[in-house]
Amino acid sequence: MSIAVSAVVRTPVCVRLPQACLAVCALLAACPLSGCWPAVGSSMQLVGAYAWSLPLAVASAAGGLLLLVICCRPATACRLDISPVGQVRLAVYLDSTARDSAAPAAVPASIALPSQSSLCRLLPGTTLWPALLVLRLMDGQGRRCSVLVQRGAYGCPAFRALAVACRVLAARQEPDGEKK
């Protein structure tokens with residue numbers, strides 16, 4: 001049985017949607033935290049226990065805006081290739097148009113992801129659920145990254161083949177003493 005598979009993977013919706021909801025909640029929480037709401041039944045402003053609320057409101061609004069900006073930028077695509085002998089390669093595309101071309105763009109040195117030319121291996125802690133794969137990878141230089149792969153309409157089209165290949169790789173990497 002050959003475990004060769006090649007798949008283009010994007011950040012799944014199951015991660016991006018809760019991030020966007022958390023960003024909106026942080027922005028909405030900034031208003032009551034600011035202490036600028038009038039007290040019930042009068043036009044006085046809230047004081048006293050809310051002395052620290054203005055810095056917290058600013059922090060909440062800034063965090064919400066930052067998270068919203070992160071969520072709204074285009075998802076970075078990566079190509080995960082598993083060879084028939086079990087070698088894993090990860091190529092990261094810098095923009096959304098590069099995934100259609102044959103050669104991925106080079107990864108900048110500031111991003112701590114494995115480059116396209118390095119072989120990766122699965123680390124312990126890789127999680128293989130029926131609907132979501134959390135692949136922890138490390139290249140030969142010791143750089144680590146996590147790749148999330150979601151099944152479904154908005155996920156990876158080659159999810160099933162990728163899940164089977166990852167399960168075979170995980171079984172091959174397991175030491176003989178730990179097999180059950």
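Bear in mind the structure is a predicted one, so any value in this text is a computation, not a measurement.
Between R144 and L137, every side-chain heavy-atom pair lies at or beyond the 4.5 Å cut-off. The side-chain heavy atoms of C166 and T126, taken from C-beta on, include no pair separated by under 4.5 Å.
We find the CZ-SG distance between R143 and C120 to be 8.5 Å, quoted to the nearest 0.5 Å. In this structure, M138 CE and L122 CG are separated by 11.0 Å, a value rounded to the nearest 0.5 Å. L22 contributes atom CG, which lies 11.5 Å from atom CG of L17 (distance to the nearest 0.5 angstrom). Note that CZ of R10 and CZ of R16 are 8.5 Å apart. Values are rounded to the nearest 0.5 Å. To the nearest 0.5 Å, atom CG of residue L132 and atom OG1 of residue T127 are 8.5 Å apart.
Checking side-chain atoms of R136 against main-chain N and O of P124 turns up a donor-acceptor pair under 3.5 Å. One N or O on the side chain of S60 and one on the backbone of A26 form a donor-acceptor pair closer than 3.5 Å.
Heavy-atom minimum distance, R79 versus V8: NH1-CG2, 3.0 Å. Closest approach of F159 and W129 over heavy atoms only: CZ-O, 4.1 Å. The shortest non-hydrogen separation linking V149 to C156 is CG1-CB, 3.6 Å. Shortest non-hydrogen contact noted between Q19 and C71 is CB-SG, 3.1 Å. Here the closest non-hydrogen pair linking V88 and L169 is CG2-CD1, 3.4 Å. Closest non-hydrogen pair, D81 versus A7, comes out as OD1-N, 4.5 Å.
By the side chain to side chain contact (heavy atoms under 4.5 Å, CB included) test, R160 pairs with V164, sequence neighbours left out. Residues satisfying the side chain to side chain donor-acceptor pair (under 3.5 Å) test with S83, not counting sequence neighbours, are none.
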Side chain to side chain contact (heavy atoms under 4.5 Å, CB included) between L133 and V147: does it pass, once the steps are laid out?
-> CA-CA 8 Å; L133 304 177; V147 177; over 6 Å; no
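A continuous path of hydrophobic side-chain contacts links I82 to L128 [ILVMFWY only; heavy atoms under 4.5 Å].
Of the residues listed (V9, L135, V134), the one engaging L148 in a side-chain contact (heavy atoms from CB on, under 4.5 Å) is V134, and it is the only one.
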